[in-house]
J.: 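Take a look at this one; I'll ask things after.
Remember, it's a predicted structure, so these values are computed and weren't measured experimentally.
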Amino acid sequence: MATQPWWKIPDPDEPDLRLIERIGRGDPAALEALYARHGRALLAYLIGQVSDPHLAEEVLQDVMLAVWRGAARFRGESAVRTWLLAIARRRAITARQRRPPVERPLDDRAATDDTGPLELVERQTERSAVRAALRDLPDDQRETLELVFFHGLSGPEAAEVLGVAPGTVKSRLHRAKNVLERVLRMRENTDA
């Protein structure tokens, strides 16, 4: 008998798993609770994928509808969060194919601390440089980097969302970090 890899063995005490079971039985309160737990993170992920907050909200609704329809078939071979992100990724790909991404201005509001004007400008400049460098990455590297660093997935979880081998995630992260470092260093040198 083949055993599941460690990252695919669900935690029976995971509260999300109980919510999925309840959703599978048609409990709308469980869907609301799952949305309350994961909606913001899914929306942030989707905005990064489709570059349009309004479209991301539409896609999120589609994701939650897919969860409602598919919860009874959830086999528990992954964490619920990984399953949700995989659904969101597939729906985002479909949305991008239907509509090209819209460039959106990023919110560079300062943190609530007492940052002086010089520090604020330096932070905004750094953020802009990182955002520009991220845009320069190939889509597969950028998406892998976002899943691991911004959404906190492990390498195997990101691999499951992306539908690739864990080693592929590792190599994409390595290449992405190298490219980011090189691009940021080049921009720093040209700004000096």
Side-chain angles (χ1 to χ4, degrees), residues 1-99 101 134 137-174 176:
M1 177 175 130
T3 59
Q4 285 184 320
W6 64 268
W7 68 86
K8 288 192 173 188
I9 299 173
D11 177 2
D13 296 326
E14 180 184 7
D16 291 339
L17 197 51
R18 289 192 295 279
L19 289 173
I20 293 297
E21 290 168 357
R22 288 176 43 207
I23 293 167
R25 293 190 302 265
D27 182 352
L31 184 65
E32 289 177 27
L34 188 73
Y35 177 81
R37 288 176 53 83
H38 297 282
R40 291 184 73 171
L42 287 171
L43 182 60
Y45 173 74
L46 290 167
I47 289 170
Q49 294 301 303
V50 299
S51 301
D52 177 357
H54 299 292
L55 178 58
E57 288 173 4
E58 290 175 26
V59 174
L60 179 57
Q61 290 176 9
D62 190 33
V63 168
M64 297 313 290
L65 181 61
V67 168
W68 178 257
R69 290 178 177 162
R73 293 184 309 275
F74 179 70
R75 296 185 309 254
E77 293 177 351
S78 66
V80 171
R81 178 177 66 156
T82 304
W83 181 61
L84 293 171
L85 283 166
I87 293 170
R89 180 176 185 268
R90 288 190 300 272
R91 295 300 193 265
I93 289 169
T94 301
R96 281 194 315 257
Q97 290 169 345
R98 284 190 306 235
R99 295 186 204 176
L134 283 170
L137 287 176
D139 289 342
D140 61 336
Q141 291 177 20
R142 187 185 75 268
E143 185 175 18
T144 303
L145 195 98
E146 288 173 355
L147 285 170
V148 172
F149 291 106
F150 298 127
H151 297 285
L153 295 186
S154 68
E157 289 171 328
E160 190 166 333
V161 169
L162 297 168
V164 298
T168 302
V169 168
K170 226 176 177 178
S171 64
R172 284 181 184 175
L173 284 174
H174 179 74

J.: Kindly give the heavy-atom pair with the smallest separation between V59 and A92, and that separation in Å.
T.: CG1-N, 4.0 Å
J.: If you round to the nearest 0.5 Å, how far is CD of Q61 from CG of L46?
T.: 11.5 Å
J.: For residues I47 and D52, determine if any side-chain heavy atom of one lies less than 4.5 Å from a side-chain heavy atom of the other.
T.: no
J.: Assign the ring pair H151 / Y45 to parallel, tilted or perpendicular, where the plane angle (0 to 90°) is split at 30° and 60°.
T.: perpendicular
J.: Is the closest side-chain donor-acceptor distance between R89 and Q49 under 3.5 Å?
T.: no
J.: To the closest 0.5 Å, what do you measure between CD (E21) and CZ (F74)?
T.: 9.5 Å
J.: Working note: R81 + L153, criterion side chain to side chain contact (heavy atoms under 4.5 Å, CB included); need CA distance, chi angles, decisive distance, verdict.
T.: CA-CA 9 Å; R81 178 177 66 156; L153 295 186; 3.5 Å; yes
J.: Specify the closest pair of heavy atoms between A30 and L19, including all atoms of both residues, with the distance to one decimal.
T.: CB-O, 3.7 Å
J.: Is there a donor-acceptor contact under 3.5 Å from the side chain of R40 to the main chain of A36?
T.: no
J.: Atom CG in L60, atom CG in L55: separation rounded to 0.5 Å?
T.: 11.0 Å
J.: Between E160 and S78, is any side-chain donor less than 3.5 angstrom from a side-chain acceptor?
T.: yes
J.: Testing the basics here: between G26 and P28, what is the closest heavy-atom pair and its distance to 0.1 Å?
T.: O-CD, 3.0 Å
J.: Got a second to check how far L137's CG is from R142's CZ, nearest 0.5 Å?
T.: 7.5 Å
J.: With a 4.5 Å cut-off on side-chain heavy atoms, are I20 and V67 touching?
T.: yes
J.: Is there a side-chain contact between L34 and L84, using heavy atoms and a 4.5 Å cut-off?
T.: yes
J.: Which heavy-atom pair separates A71 from G24 by the least distance, and what is that distance?
T.: CB-N, 3.6 Å
J.: Will you find, in the side chains of E157 and S154, an N or O donor that is under 3.5 Å from an N or O acceptor?
T.: yes
J.: Distance-only, no hydrogens or angles: does the T168 side chain make a donor-acceptor pair with backbone N or O of V164 under 3.5 Å?
T.: no
J.: About how many Å separate CD1 of I23 and CG of L31, when rounded to the nearest 0.5 Å?
T.: 5.0 Å
J.: Between I87 and R90, is any pair of side-chain heavy atoms under 4.5 Å apart?
T.: yes
J.: L173 vs Q141, test: side chain to side chain contact (heavy atoms under 4.5 Å, CB included). Steps then yes/no.
T.: CA-CA 7 Å; L173 284 174; Q141 291 177 20; over 6 Å; no
J.: According to the side chain to side chain donor-acceptor pair (under 3.5 Å) rule, which pairs have a member within residues 28-38, sequence neighbours left out?
T.: D16-R37, D16-H38
J.: Which atoms form the tightest heavy-atom contact between A158 and V169, and what is the distance?
T.: C-CG2, 4.1 Å
